[in-house]
Number of protein chains: 2
Amino acid sequence: MDKQSQLAAFRKGITQFVTFSDTEWEIFSTYLSFSSLNKKEHFAVEGKVCDYMAFITRGAVRYYHIKDGQEITGYFSFENELMSAYKSFVKRTPNRNYIQALEETELVMISYQHLQQMLNHPLLALKMERFGRLIAEYYICCYEDRVTAFITQSPEERYTALEKTACDIFQRVPQHFIANFLGITPVSLSRIRKRTLLQH
Amino acid sequence: MDKQSQLAAFRKGITQFVTFSDTEWEIFSTYLSFSSLNKKEHFAVEGKVCDYMAFITRGAVRYYHIKDGQEITGYFSFENELMSAYKSFVKRTPNRNYIQALEETELVMISYQHLQQMLNHPLLALKMERFGRLIAEYYICCYEDRVTAFITQSPEERYTALEKTACDIFQRVPQHFIANFLGITPVSLSRIRKRTLLQH
DNA sequence: TGTAATCATTATCTTTTGTTAACGTTTTCT
DNA sequence: AGAAAACGTTAACAAAAGATAATGATTACA
C-alpha cells in the first residue's frame, strides 16, 4: 500500500477519537513514519522500552509473554487498530512482553519523541492531549470488558462469546494462540469446541 | 474529616497526575463537591449512567456484577484512590455493575457536567485534558497487569501474588469477595489458603 | 519437491475447581 | 441481649482443566 493510502486510512481510523483540520493534519503527518513487519518479526520485545505506537494499515500482530520458557499469547491487533506496548511506551519502562507480526504487516508509526514534540506544539497540544486521553479511555473500556469476562464467565462461556463477536478470528489466528487469549490451554480449547459442537 | 482536609488530601493524591498552581486550584476546587456513603450504600448501580467520579478520602468500596442472581466482586478501591464506573462515566452509557461502600466512606466528587465545563474553561482545559489522559493511562497499566495475571498465572499464583503485594486487604475485605476478585469461588480460595499454608 | 515444523485432535491420567450442603463462629441489627 | 444474617471451613461428589504423549493433517521452507 502506498504512503498516501496509509495516511488516509490512519486519518480515517482515528476519527473515532479526534478529527484533524487539513492544516492540523499537515503538521501532524510530518511527525509520522512508516514501517513494515515480516511475518514473525517483532515490533516490541521484552526488556526494551517501546519507542513507538503504531496504526496497523495491513496485517495482524499478537502480544505474548514468556513464562517458564513458554509463550503465552494475551492479545491480538488487526488492521485499522492501534498497537503499542502501552505501559512501556507511556511510562518509559522496559517492556515485559513481545509483540510479533502474525502476517506481513504495514504500519504508520508515532515515536515517543515526536509525540512529546506534538504535545508541546502550540497548534497541536490540546488536540493531542485529547487524542491521548480518548485512546486511553477507549482501551480502558476494552480492558474493563476483558476483566469482567474473566471474573464472571467460565472458559466455555468466554469461548462462545468470542465465537459470536469475532468468529473470523478463528480463520486468521492459530487456535492455540486463541486458547491462551481465553486463559486456557490449547488442549482444553479443543475439548470445549467439541463439547459445544455436540450440544447443537 | 472536614472539607479542607479532604481537599488537601485530594490535591496531594492527584500530584501523581498533575500539580495545580494555587490559582488553578482555586478555580478547580469550585467544581468539586462532597459526599459520603454509609456501609452498603451504593455509589453506582446497574442500568444508570454514572454521573460522578470520586476521590476516596476515607473508606473503601467494592465493584460487583450480578450474574444469575449472584453478586460477583471484581475490584476494590480504598482511600486516596480514584473511583468511578469509568466506562459509563466517559461514554454516558448505562452502567453494568454496582459500586458499593464496604465501610463508611467519604468522597470528593467531580460531576460529568463540571468536568465538561472545566474541559472548556480556557485556564483549565489543557491541564484537565492531561489530567484525564494520565488517569486513563494509569488505569490502563493496572488493567494490563490484571489481565496478564489471568492469562499467565494459576488461581493459586494469583493468590500468592496478592498476599505479597497487598496482604492487608485480607484484614479489610471479606474473603469471599477476594475470591471473586481472583476469579475463583470462595470454597476454592479457602482450599488454596490451606494448601499454601501447609507448604510452609 | 520433499523434509521438517507446526498444528488440532484425541486419549489417559492427575490435579484443580465447581457445587452443594453442613457446621460452628462471628458479626449485625433490632 | 437475643435472633438473624453473614462468614470461613470442611466434606463429598461431579465437572472441568492441566499435563503429557501419540497421531494425522497441514503448512512452511530450503
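So that the names make sense, note that chain A is the first sequence line, chain B the second, and so on, each numbered from 1.
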The correct set of residues in residues 165-176 of chain B placing a heavy atom under 4.0 Å from DNA chain D is B/P174, B/Q175, B/H176
Centre of A/Y112's six-membered ring, under 6.0 Å away, within 45 degrees of the axis: is that where NZ or CZ of A/R92 sits?
yes
Within 45° of the six-membered ring axis of B/Y64 and under 6.0 Å from that ring's centre, is NZ or CZ of B/R62 located there?
yes
[N], OP1 or OP2 - any side-chain N/O from [X] closer than 4.0 Å?
{"X": "A/T185", "N": "D/dG18", "answer": "yes"}
{"X": "A/R195", "N": "D/dA17", "answer": "yes"}
{"X": "A/S190", "N": "C/dA8", "answer": "no"}

DNA chain C nearest-nucleotide lookup for B/I184 and B/K39: closer to the 5′ end is B/I184
On DNA chain C, compare the nucleotides closest to B/K40 and B/L189; which residue's is nearer the 5' end?
B/L189
Let me know the distance between [atom1] of [X] and [atom2] of [N], rounded to the nearest Å.
{"X": "B/Y159", "N": "C/dT16", "atom1": "OH", "atom2": "C1'", "answer": "17 Å"}
{"X": "B/K194", "N": "D/dT10", "atom1": "NZ", "atom2": "P", "answer": "4 Å"}
{"X": "A/N180", "N": "C/dT6", "atom1": "CG", "atom2": "C1'", "answer": "15 Å"}
{"X": "B/E156", "N": "D/dA17", "atom1": "CD", "atom2": "P", "answer": "18 Å"}
{"X": "A/D68", "N": "D/dT20", "atom1": "CG", "atom2": "P", "answer": "11 Å"}
{"X": "B/Q70", "N": "C/dG18", "atom1": "CD", "atom2": "P", "answer": "12 Å"}
{"X": "A/L102", "N": "C/dC7", "atom1": "CG", "atom2": "P", "answer": "10 Å"}
{"X": "A/L197", "N": "C/dA8", "atom1": "CG", "atom2": "C1'", "answer": "13 Å"}

Of A/S154 and B/V187, the one whose closest DNA chain D nucleotide lies more 5':
B/V187
Sidechain N-carboxylate O distance under 4.0 Å for B/E24, B/K127:
yes
Does either side chain, that of [X] or that of [Y], offer a donor lying less than 3.5 Å from an acceptor on the other one?
{"X": "B/Y52", "Y": "B/S35", "answer": "no"}
{"X": "B/D2", "Y": "B/S5", "answer": "yes"}
{"X": "A/T57", "Y": "A/Q6", "answer": "yes"}

Considering the terminal five base pairs at each end of the helix from C/dT1-D/dA30 to C/dT30-D/dA1, what angle separates the two local helix axes, rounded to 10°?
60°
Taken to the nearest 0.5 Å, the spacing of B/M1 CE from B/R58 CZ works out to 6.5 Å
To the nearest 0.5 angstrom, please state how far the CG atom of B/N80 sits from the CZ atom of B/F10.
11.0 Å
Any donor-acceptor pair under 3.5 Å joining the side chain of B/R191 to the base of D/dG8?
no
Regarding B/S188, tell me which of base, sugar-phosphate or nothing describes its non-hydrogen contacts under 4.0 Å with the strands shown.
sugar-phosphate
Mind checking A/P186 for me? I need base, sugar-phosphate or nothing, with any heavy atom below 4.0 Å counting as a touch.
nothing
Same cluster (ILVMFWY, side-chain, under 4.5 Å), B/Y86 and B/Y75:
no
Testing the basics here: between B/I99 and B/S84, what is the closest heavy-atom pair and its distance to 0.1 Å?
CD1-C, 3.8 Å
